[in-house]
Amino acid sequence: MRLVLPLLLAVLGLAAGIGGGILLRPGTSPSPSDEAEAEAVHPGKDDARPASPRSVDPAEQPDYVKLNNQFIVPIVEKERVASMVILSLSLEVAQGAGQDVYAVEPKLRDGMLGVLFNHANTGGFRGSFTEAAKLVSLRRALLEVAVSVLGPKVTDVLITDIMRQDG
């Protein structure tokens with residue numbers, strides 16, 4: 001009896017795991033009760049026809065230019081480097097303006113590093129530094145620098161990677 005109970009529990013656990021895996025497998029068609037639930041939540045929605053993407057004139061689509069190197073920003077506390085923030089940035093520019101970005105990249109990086117250092121010195125990278133409000137203000141300041149260097153060719157600054165390594 002001592003061997004039968006653990007064996008029975010193992011078989012039941014295995015069967016429950018397989019059953020759960022089959023039921024939750026992606027790509028399966030929804031059950032009729034799932035379809036009824038979806039219709040109750042989103043009445044009138046026709047899932048058979050795909051959503052049409054907003055048509056954009058190809059000449060108006062922006063280019064995205066990834067700046068070559070990452071930005072490394074030290075976080076100084078009590079006269080020593082307490083952590084480092086590493087960012088990768090891209091710029092959304094008017095179509096065909098990619099070469100203009102690379103032509104002035106040193107000046108652009110200098111201005112952006114100034115903004116990043118200022119953000120670090122005012123505590124922008126402390127605590128939950130990925131809060132939406134903190135990132136919006138950082139993007140806005142970076143965009144101001146980019147527009148001052150490149151003009152209205154730049155429409156947005158994208159933070160593609162961000163990491164803080166505490167020391």
Item checked: ILVMFWY cluster, V154 and Y64 together (side-chain gap under 4.5 Å) -> no
Next item on the list: Could you tell me whether the side chains of D161 and Q70 share a donor-acceptor contact shorter than 3.5 Å?
Entry: no
Item checked: Minimum heavy-atom distance between G96 and D63, given as atom pair plus value -> N-OD2, 2.7 Å
Item checked: Side-chain heavy-atom pair L138, I159 within 4.5 angstrom cut-off -> yes
Checklist line | Point-to-point distance, once rounded to the nearest 0.5 Å, from OG of S148 to NZ of K107 | finding: 7.5 Å
Check: Taking all non-hydrogen atoms of both residues, which atom of L108 and which atom of V149 are closest, and how far apart?
Finding: CD1-CB, 4.1 Å
Note to self: So if I apply the side-chain contact (heavy atoms from CB on, under 4.5 Å) rule between N118 and each of T122, V115, L116, which one comes out positive?
What the structure shows: T122
Notebook entry, point to check: Are V85 and Q165 close enough that some pair of their side-chain heavy atoms sits under 4.5 Å apart?
Noted result: no
Next item on the list: Using a 4.5 Å cut-off on heavy atoms from C-beta on, say whether the side chain of I75 contacts that of V81.
Entry: no
Item checked: CD/E77: more than 12 non-hydrogen atoms of other groups inside 6.0 Å -> yes
Margin query: Are V65 and V147 connected into the same hydrophobic cluster when the rule is that any two of I, L, V, M, F, W, Y join if their side-chain heavy atoms are below 4.5 Å apart?
Written below: yes
Note to self: Test of understanding: clusters of I, L, V, M, F, W, Y form through side-chain heavy atoms closer than 4.5 Å, transitively. Do I72 and V145 belong to the same one?
What the structure shows: no
Check: Considering only heavy atoms from C-beta outward, does the side chain of F71 approach that of R109 to under 4.5 Å?
Finding: yes
Checklist line | Smallest separation among heavy atoms of L87 and I162, with atom names | finding: CD2-CD1, 3.9 Å
Check: I86, V157: one ILVMFWY side-chain cluster at the under-4.5 Å cut-off?
Finding: no
Next item on the list: For V76 and R126, work out which heavy atoms get closest and say how close.
Entry: O-NH2, 3.9 Å
Note to self: Do L91 and D156 have side chains that approach each other closer than 4.5 Å (heavy atoms only, starting at C-beta)?
What the structure shows: no
Check: Do other residues, nucleotides or ligands put more than 12 heavy atoms under 6.0 Å from K66 NZ?
Finding: yes
Check: Atom CG in L143, atom CG in L150: separation rounded to 0.5 Å?
Finding: 10.5 Å
Check: With side chains defined as the heavy atoms from C-beta onward, is the minimum distance between L67 and V101 less than 4.5 Å?
Finding: yes
Check: Closest heavy-atom contact between D166 and S83?
Finding: OD1-CB, 3.2 Å
Checklist line | Smallest separation among heavy atoms of P74 and M84, with atom names | finding: CA-SD, 3.7 Å
Check: Is R164 positioned over the aromatic face of F129, cation under 6.0 angstrom from the ring centre and no more than 45 degrees off axis?
Finding: no
Check: Between E92 (side chain) and L158 (backbone), is there a donor-acceptor pair under 3.5 Å?
Finding: no
